[in-house]
2 protein chains.
Amino acid sequence: MSIQTRRERERAKRERLIVTAARELAETEGWAAVTTRRLAAEIEYSQPVLYSHFKGKEAIMAAVAVQGCADLAVELRQARAAAPGVREELAAVAGTYTSFARRRPALYDAMFTHLVPLPFATEEAPAPLREAFGQLLAVVEPIASGGEDPGLLTETFWAALHGLATLMRSGRLPESAHETRLALLIGHFTGG
Amino acid sequence: MSIQTRRERERAKRERLIVTAARELAETEGWAAVTTRRLAAEIEYSQPVLYSHFKGKEAIMAAVAVQGCADLAVELRQARAAAPGVREELAAVAGTYTSFARRRPALYDAMFTHLVPLPFATEEAPAPLREAFGQLLAVVEPIASGGEDPGLLTETFWAALHGLATLMRSGRLPESAHETRLALLIGHFTGG
DNA sequence: ACAGATTGGCTAGCGACGCTAGAATCTTTG
DNA sequence: CAAAGATTCTAGCGTCGCTAGCCAATCTGT
């Protein structure tokens with residue numbers, strides 16, 4: 001029994017090692033540099049061990065994405081806590097969200113751009129995903145007017161943030177006016 | 001002289017053939033199926049001819065993206081023309097935009113998701129790109145209140161549409177509530 | 001303590017990718 | 001008609017994600 005549990009412990013540890021290495025490699029050199037060979041070298045095991053933990057490269061990216069959602073949820077919660085009022089909370093969360101996308105582009109891509117085999121808008125979605133969405137919901141809900149579904153309004157607001165973040169990062173929107181666009185968005189969602 | 005021009009004509013024709021084949025292949029089987037070998041087989045030339053026309057696969061995708069922008073601009077213009085009022089124009093264009101993203105996902109990805117070597121938010125941007133953006137600008141400009149920069153407001157509105165389209169297509173937003181989310185967005189941008 | 005069974009990691013390799021060098025072919029020109 | 005030039009093709013390089021099958025270390029039972 002004890003031997004079995006020790007083995008499982010070591011296996012779990014190695015699995016975390018894989019995910020961490022993948023995330024760090026992606027964040028420092030981009031996802032293009034995260035090849036199975038390179039990742040194997042990074043964790044000092046041979047290539048096929050990766051496939052005893054994950055079905056394939058996509059599954060590893062999905063695991064990184066879940067970690068990223070947890071990170072994002074923490075940042076959003078902090079931003080929300082530090083803001084004095086309802087409108088300030090919305091602005092702080094929006095700013096933190098797009099800042100996250102800019103500071104950690106590889107992580108953000110794994111979470112919201114790349115196709116990863118993860119359930120999203122269902123109850124089976126991993127806890128960190130629902131947690132991150134919950135932080136958005138918490139700041140959007142108070143600004144929903146009567147008759148508006150807070151969940152759908154949050155989804156819409158999220159989509160706007162996501163669009164700003166991705167279009168800007170790919171050079172399709174100039175970075176210089178980012179703050180102004182964010183202010184415009186918040187203004188229109190708070191009925192200003 | 002005439003021989004030279006005939007050659008250039010034939011070259012241009014083959015270049016269009018490449019772009020069209022790439023687009024059709026992408027639209028029917030997705031970009032993953034668009035390999036240089038497959039594309040070469042499709043146009044009935046060998047692989048290296050592709051590189052005498054384009055620097056690489058990315059450049060071919062960029063050419064497809066430009067074509068896609070022209071298509072989108074046409075659709076947006078038609079939607080705008082068929083709408084009776086300012087608010088209806090905005091709704092029609094927004095609906096057409098997200099519908100385009102849904103109907104032609106591969107084309108949309110080349111235009112706005114994949115990294116393609118194209119200048120976007122500058123004056124050197126290809127005409128079809130500026131044309132498509134112009135159609136958005138034409139419907140957003142009238143709903144900009146005093147003091148709001150119409151260009152930046154259009155960028156923000158575009159980002160929201162882009163976010164809705166991409167998050168929905170990747171399964172991160174449920175498709176069922178799409179119309180409601182669109183209505184919420186338009187409502188908030190028209191100050192309703 | 002040792003032979004047999006089992007688990008688990010490794011070496012080696014498959015097919016496909018984007019891309020390119022150099023041979024081969026076709027066209028134009030003296 | 002042959003030399004010169006342009007253009008297309010064959011063949012191959014390095015790398016990718018992924019897997020089959022060998023080998024060694026570990027566990028089990030006597």
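Convention: sequence-line order gives letters A, B, ...; per-chain numbering from 1.
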* **Sub-4.5 Å side-chain heavy-atom contact between B/Thr36 and B/Ile60** => no
* To do: Find out whether the Lys NZ or Arg CZ of B/Arg14 is both under 6.0 angstrom from the six-membered ring centre of B/Tyr45 and within 45° of the ring's axis.
  => yes
* Structure fact -> Here the distance between atom C1' of D/dG12 and atom OH of B/Tyr51, to the nearest Å, is 14 Å
* For residues 36-50 of chain B, which residues have at least one heavy atom under 4.0 Å from DNA chain C? -> B/Thr36, B/Arg37, B/Gln47, B/Pro48
* **Rounded distance in Å - NE2 (A/His53) to C1' (D/dT19)** => 17 Å
* Report the distance from atom CZ of A/Phe54 to atom P of D/dC18, rounded to the nearest whole Å. => 13 Å
* Check for a donor-acceptor pair, side chain of B/Trp158 on one end and backbone N or O of B/Phe133 on the other, with a separation under 3.5 Å. => no
* Asked: Rounded to the nearest Å, what distance is computed from the CD atom of residue A/Glu15 to the P atom of nucleotide C/dG8?
  -> 14 Å
* **Spacing of A/Met168 atom CE and A/Thr98 atom OG1 [to the nearest 0.5 Å]** => 6.0 Å
For residues 19-26 of chain B, which side-chain donor-acceptor pairs fall under 3.5 Å, sequence neighbours excluded?
from	atom 1	to	atom 2	distance (Å)
B/Thr20	OG1	B/Arg16	O	2.8
B/Arg23	NH1	B/Gln67	OE1	3.0
B/Arg23	NH1	B/Asp71	OD2	3.4

* Between A/Phe157 and B/His188, is the gap from one ring center to the other below 6.0 Å? -> no
* Asked: Around atom CD of A/Glu44, are there more than 12 heavy atoms of other residues, nucleotides or ligands at under 6.0 Å?
  -> no
* Asked: Can you tell me how far P of D/dC16 sits from CG of A/Leu25, to the nearest Å?
  -> 11 Å
* Return the residues of residues 55-64 of chain B meeting this criterion: a heavy atom under 4.0 Å from some atom of DNA chain C. Order them by number, or give none. => B/Gly56, B/Lys57
* Does B/Arg11 put a side-chain nitrogen or oxygen below 4.0 Å from OP1 or OP2 of D/dT7? -> no
* Do we see a donor-acceptor contact under 3.5 Å between the side chains of B/Thr156 and A/Arg181? -> no
